[in-house]
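A short write-up of the structure that comes next.
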There are 2 protein chains.
Amino acid sequence: MLLDEPRLPQDFVSAARAAGMRPDPDAPDLALFHSRRPAAAAGLLTRNHFPGAPILLARERLAAGHLRTVVVNARFSNVATGPGGLQDAREMAELAARETGVSPEEVLVGSTGIIGRRLPMDRIRRGIQGMGEALASDVWPAARAILTTDTHPKVVSARVDGAILTAVGKGAGMVSPNLATMLVYLFTDAAVPAPDLDRMLRSAAARSFQVLSIDTDTSTSDMVVALANGAAGDVSGDSFQAALDAVCLRMAELVARDGEGATKLLRVQVSGAVDRGEGGRIARSVADSPLVKTMAYGADPNVGRLLMAVGKCVSCRVVPERVRITLQGVEGIRNGVPVDFPEARVRELLGGDPVDVRIDLGVGSSEGMALGCDLTEGYVEENAAYASS
Amino acid sequence: MLLDEPRLPQDFVSAARAAGMRPDPDAPDLALFHSRRPAAAAGLLTRNHFPGAPILLARERLAAGHLRTVVVNARFSNVATGPGGLQDAREMAELAARETGVSPEEVLVGSTGIIGRRLPMDRIRRGIQGMGEALASDVWPAARAILTTDTHPKVVSARVDGAILTAVGKGAGMVSPNLATMLVYLFTDAAVPAPDLDRMLRSAAARSFQVLSIDTDTSTSDMVVALANGAAGDVSGDSFQAALDAVCLRMAELVARDGEGATKLLRVQVSGAVDRGEGGRIARSVADSPLVKTMAYGADPNVGRLLMAVGKCVSCRVVPERVRITLQGVEGIRNGVPVDFPEARVRELLGGDPVDVRIDLGVGSSEGMALGCDLTEGYVEENAAYASS
């Protein structure tokens, strides 16, 4: 269902521009996405208590259920910037509206980067000026422009009946559930009314972005927003949900694997939990455990750390004698104690990507999952000097 | 109140021995602590669902309220070792009982190290043999023998009226609240009945070990246990509580500062919270945030990360406009937004140890605190290859 060569759906275009906000002034830091026709819109926004100005604006704009243009800047997140910051976000929307010939109410603004500094509006004004003329069907320049510490652009497309669904995203750090934990924009030429888009997006996010954590830190800025412009007509609801699920899961995996300093994806699946809440919490506990993350990095099959990470969920129902854990498909824990497993073989398997941990709790019939990444020296190096880099 | 030269109280003795379990077979890995007279005992044990065999044994032994001997081994934690592991712990108690002339029921066993491997009982038997004759008043060899990845032994003493209170501890990694998050043994020659000792220990732990986290991972093994042998007679309850508070706080700070790879202590104090629970959760959120921990390491005054870490406690009451944060005593956030602060000066202050973060939420009158440490490449390096080292 996923396309080998991701691309924008019909009547969606994008552009990128270097406004000089990055250390390399020639590196693009502004992206514009636009639908040539009206589009239904839905989205999920961060629940952090310090939402950035773009989030405040997005709350207004998503309430209306339609959007046509998305403008995004990297390098500064426009968070904790007070009333002036909100004014800057509104001005960004106005500038992008002018470039794309829509009303400012149809523009969504996204910002990612350092918290607590005002946007350099002079550069942003100069940067956005003329971007409307550069709009084209190539998605990659815009996908590159929104990155921060990501190492590669992230675009995923799926076919849905006669339509296309495409996600453009960025992640890297400060990524954890309670959403949205990154910038992800979904574009489709399928005709999907806003309420349906909202419902289906929440369902897909629950099994992708909402179970994703790079470092337990929840961003103040991030959003997952979908636009559906209907250029390709109606599609079956089931097909669209399936495509949305697949695209969101793949994008979440791309974001996890490209977490700051990460070398691999860590997938934890829990079965046999008393309810979905506990299944998810235990999966999260394992995927977030620094000792499990460093184990994945070091490819060291120290299965005791998996027990520890399950066991530290003191409020969840865990019966040690019923716990079974496999690591890369090889049983490592049975009845709550390590089994004699082929250590050299597991060490070799752990060297691969992704690392899969499956935990059966044996106390119920509910499941849970979590997506994460390994923890490496690279995470520390990147974050010990972020503001100054 | 704390003594410059920590030492064991009257009628307590200790010994250390190399049983050959460490990579360096001559490095001591067994410790014995003993009270020459009957002692009241109380303790807190880990709440992890996979408690080690020593924890199961400790539950029995602490119920009686008196102990005279503590035997501890490093390198293997005797966790997830099944009924055989519990038998090994019982045998360790018997061996230590024989050496110190007490009944096995008066012996506490502690083990720390790798999870999921049986103890090498032949070495432990040979190692414990004869330790009774080596018992002496010097505390340092035994304090060294219990270390794992700690970089230095940890002993803290305080004077209480005519008595002494001494804590011997180890920490380093897999240390987080919900207790006990390390091995800490407290010895006093004050006369304190077991129920009082239990109550006062819980109170002191609530403001020290229970607010301590190195890496959010809660060990399966650890314990904080106090023995009071009364050799120095009665002391005032208030004085004893004050000494216990001071000793536990200092020991918790020593453990935090010596967290795996850590270069400094991170102290977070929250005021103005709606209740103690939320004050503690927000303090914990900040102290555990990988982005705050790497900021402390990099000495980079990126105050936005502090806002993010407060804001991600989505279930707590936070009113952004009321939040004030100081970093090393310098105001960095006022009314929820960064203030223009002397960045070069704060950078210099952040280079020091400890790093102090104070957060006033302005929505209530409750407080909370958390103790942690910075996150460095050293943590990753140590934990990517623990089992094999």
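Residue numbering restarts at 1 for every chain, and letters A, B, ... go by the order of the sequence lines. Note: hydrogens, waters and symmetry copies are ignored here, and every other heavy atom, side chains too, is used.
- Between Asn48(B) and Met308(A), the shortest heavy-atom contact is ND2-O, 3.0 Å.
- Val318(B) touches chain A through backbone and side chain together, each having a heavy atom under 4.5 Å away.
- Among Gly82(A), Gly116(A), Pro320(A), the residue making the largest number of heavy-atom pairs under 4.5 Å with chain B is Pro320(A).
- Residue contact with chain B, scored on non-hydrogen atoms closer than 4.5 Å, is absent for Val303(A).
- Contact count versus chain A (heavy atoms, under 4.5 Å) is highest, among Gly261(B), Pro51(B), Ala80(B), Gly336(B), for Ala80(B).
- When heavy atoms are compared at a cutoff of 4.5 Å, Ser77(A) does not approach chain B at all.
- Val319(A) does not touch chain B: none of its heavy atoms, backbone or side chain, sits under 4.5 Å away.
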Practice prompt. Check step by step if side chain to side chain contact (heavy atoms under 4.5 Å, CB included) holds for Leu350(B) and Arg347(B).
Written response: CA-CA 5 Å; Leu350(B) 274 177; Arg347(B) 195 177 293 273; 5.7 Å; no
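- Interface summary for chain B: among Leu307(A), Val337(A), Leu375(A), the most heavy-atom pairs under 4.5 angstrom belong to Leu307(A).
- The pair Glu331(B)-Arg324(B) meets the salt-bridge criterion, since a charged nitrogen lies less than 4.0 angstrom from a carboxylate oxygen.
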Worksheet entry | Worked verdict on Arg59(B) versus Leu45(B) for side chain to side chain contact (heavy atoms under 4.5 Å, CB included) | CA-CA 8 Å; Arg59(B) 285 182 190 158; Leu45(B) 306 173; 3.6 Å; yes
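- Smallest separation of non-hydrogen atoms from Ser285(B) and Ala309(B): OG-O, 2.6 Å.
- Between Ala262(B) and Asp374(B), the shortest heavy-atom distance links the atoms CA-OD1, 3.3 Å.
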